[in-house]
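Residue numbers start from 1 in every chain, and the chains themselves are labelled A, B, ... in the order their sequence lines are given, proteins ahead of strands.
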Amino acid sequence: MSGHSNYEPKTGIERWLDTRLPVVRLAYDSIIDFPTPKNLNYWWTFGGILAVCLGIQLVTGIVLAMHYVPHVDHAFASVERIMRDVNYGWLIRYMHANGASMFFIAVYIHMFRGLYYGSYKAPREVLWILGCVIYLLMMATAFMGYVLPWGQMSFHGAVVITNLFGALPIVGEAITTWLWGGFAVDNPTLNRFFSLHFLLPFMIAGVVGLHIWALHVPGNNNPTGVNVKSKEDTVPFHPYYTVKDGFAIVVFMIMFATFVFYNPNALGHADNYIPANPLVTPAHIVPEWYFLPFYAILRAVPDKLGGVMLMFGAIAVLFVLPWLDTSKVRSMRYRPTAKLYFFIFVLACLILGYCGGQLPDDHVIPGLSTFTLIDADLNSFVWLSRFATLYYFAYFVVILPLLGLTETPLPQPESISAPVLSHPANAPAGAAASPEKRG
Amino acid sequence: MLRKGIALAAFGLAILAAPAALAAGGAAPVKHVEFSFEGPFGKFDQAQLQRGYKVYREVCAACHSMNLMSFRNLGQKGGPFFDPKYPNPNDNPYVKAIAAEYQVKDIDSETGDVIERPGTSADRFPAPFPNEPAARASNGGAMPPDLSVMAKARHHGPQYIYSLLTGYQEPPAGLKVGVGQHYNPFMAGDVTAAWSGPHDKVPPGGFIAMAPPLAAGQVTFDDGTKSTLEQQAKDVAAFITWASEPKMQERKAFGMAAMTYLLIFAGLLWVSYRKIWKNVAH
Amino acid sequence: MRPQTKGSFKVADTVVGANPDTHAAGDDPNRRDFIHIAAAVAAGGAVASLAWPFIDQMNPSGDTLALASVEFDLTKVELGQQVVIKWRGKPLFIRKRTGAEIAAAIKDDTADLRDPQTDEERHKPGKAEWLVVIGTCTHLGCVPTFGGGDFGGWFCPCHGSHYDTSGRIRKGPAPTNLAVPDYTFLSDTKVKVG
């Protein structure tokens, strides 16, 4: 909670600085003394992991920018020069490329945590919205970054996404030409993408600052969803959570290192090692894996403008989530029905991701030929995408609003410290009506 | 809760691996062949790289450029002609001798004329054609792709190169092969339009403009290795893999040190974490 | 109540126990136990070892180092003439000195020199006619021209530094002699610089 500061400057220099610019006090209050709920589980470590990912991307990115040449004739070769001739260039490049994927793995887990534990609910609506802004900025940054190596996927991915804006009525074509700086994706496009790709992460850092500020006003949510009632419910952030976050970060780094050192191109696409050729389109244009769910939603709609609207709508619906969920109970630990719908939602997202990487007309179950219903081959990825997209929107616009009004939640604990009730499994034998399975 | 999360994560990661399977575009799955550089402890076999360079130089370089490679790369650590006595590849006598075999265009510093001079280790590999239209004109309209990063530009690159080079076969009856084209089951493509047989038995693969480039005994190996088609294909695939990623060995060695350090570090943090939280009900 | 396991750690099986008891023996989380110090040192070590690649990437890269040495064919240089080539981004003077120039240089070995060096120290043994120097004035980096100045050698027009026939600074603001790079004779007619 943003409350009284316990910081006491010890040395003369600390006192001098504290009266002029209380940065040490700010750091002490935010990272050392900050009262944090004592029951946070490992799903809460991803905020720290994300901060480290941002730092890694910034540092590796700035260093890469010392060697990269943002010109269509030199971009591809400059990246390969980094890989071959720049000292440790291969390490820095692979860290940056795989770091982007790690960043998205962490952000999706972080967001799913927020959805499950109701972290978006009052009074944390602005915190959630700032998070959505960060997510949008991340997607823009990642999209532009992938264009920079100027491989086949870079180029044709840029063509596809910039062409989407042409779907907008009246202004679409003008906007697309304006984005391109020409009549097609070419050198002006590459140059401005490099400039913006360099700029946006610093904006992300700024919004992250706001995000942490917005978090520190009400304080962290916790797995019970029950507010902190007293000092007994909390522990100081240092050393309890600095070390726990540190451990989680190192485990995350082990996963990161496995990709960087042993399978650095696994999350990319081989076609991006073919220099961009505007005259030859790759057989399967696919975006990077973290965009696949949105790509599936885009292709689910037969109409171009409809697909664009629905794709952006899938992100827009996140912004208004705090007002869609009517439940008075925060954490889905105590909302058994909602929990079930949530897991189906996660499954729908994974299915959308899978569909995004497939050809729309390919069969989902190979061998099982047509399973037609009114001339539609239901055994196709485009139809699977449609069902999954339907569930995606239904979850936010229908299920969550209705569930809050109709479901009967489990009894929630009085406080975080009440250990008997803080976890359904701890309930003494006779207390609850039915034995709950540990979630 | 945690178990569900881990199960979901595993499912998610399995899905990440899935898109790879469909990328081939109708080509047959690549042949199984093992290379010394595979795996977390893989290393390039210097003798194999030398043989592979010879195959590239004598067969492939007639049409395929390797524009990102310079002669000095041949002498750097991990490369085919690396000699610990010459840590600076510019001094390596093999590299200098190989480079000097080629005439490189340059400008005379006194007259400004275009002249030709023997190559030095700093020069790039000479390209067989000065530009793309010239390359296409000499190859029936097809562009022989640059091989500098070919092992990274194809899925399962090293195995793909080996499979393609050893995979040429007579087209099955019912497959019409165009003039200047050849059938190869490992080439990405779709031959449905040229197939007159049963619709559910379309042969895998596609048409490639390159005629089978290798034959048994075509390149004699200086170390006496038997020059079979498979051997030449394997060696040139290894060479192209090295050229695509010369730092692979360094990457894996660094990785070993990094993973060891991270595992120990994680262990220390785990114990530290348990000690700090021991007395807190959570 | 049976002890619960959540994930892989146990919930404390005392009913109370909300506050971390800082006075229990050895359990103050802020105590500097060995394990915490070890973890902190490991963190520092990770940061330090990761810092080196990021610093080293700014050092000259492979392709820059490839042009670090150059071989030159001396048959191009006439007696009493110099050739200027570009080496490591800077001009390099390769001069075939006449007997008179060599004699003048040796004569001044004992003169009052700002940067004392004998002529012998500035060429390879037995190859006194070949003088190889970096053509950058040691004052502020302009390129001196041969044949100006008062000492028969080079003259820098920027601020008036005079060098003699051995490339030694004789008059003017430059602090040191024209630099002699690392070079070796690969044969009588070929020299490798760098």
Measuring from C:Ser61:OG to A:Arg84:CZ, what's the distance to the nearest 0.5 Å?
13.5 Å

Can you confirm whether more than 12 heavy atoms, excluding those of C:Asp182, are under 6.0 Å from its CG atom?
no

Atom OG1 in C:Thr64, atom CG in A:Asp85: separation rounded to 0.5 Å?
7.5 Å

Count the heavy atoms of every other residue, nucleotide or ligand shown that sit under 6.0 Å from CD of C:Glu120, and state whether that count exceeds 12.
no

Distance check, rounded to the nearest 0.5 Å: A:Met66 atom CE versus C:Phe54 atom CZ?
10.5 Å

Could you give the distance from CG (C:Leu50) to CE (A:Met253), rounded to the nearest 0.5 Å?
10.0 Å

With a sphere of 6.0 Å drawn around NZ of C:Lys86, does it hold more than 12 non-hydrogen atoms of other residues, nucleotides or ligands?
no

Measure distances from A:Arg81 to the heavy atoms of chain C and classify the residue's part below 4.5 Å as side chain, backbone, both or neither.
side chain

Would you say that more than 12 heavy atoms from the other residues, nucleotides or ligands in this model lie under 6.0 Å from the NZ of A:Lys229, or not?
yes

Spacing of A:Thr60 atom OG1 and C:Gln57 atom CD [to the nearest 0.5 Å]:
10.5 Å

Of all heavy-atom pairs linking C:Asp56 and A:Asn87, the shortest is O-ND2, 3.1 Å

Is the number of heavy atoms from other residues, nucleotides or ligands within 6.0 Å of CZ (C:Phe34) greater than 12?
no

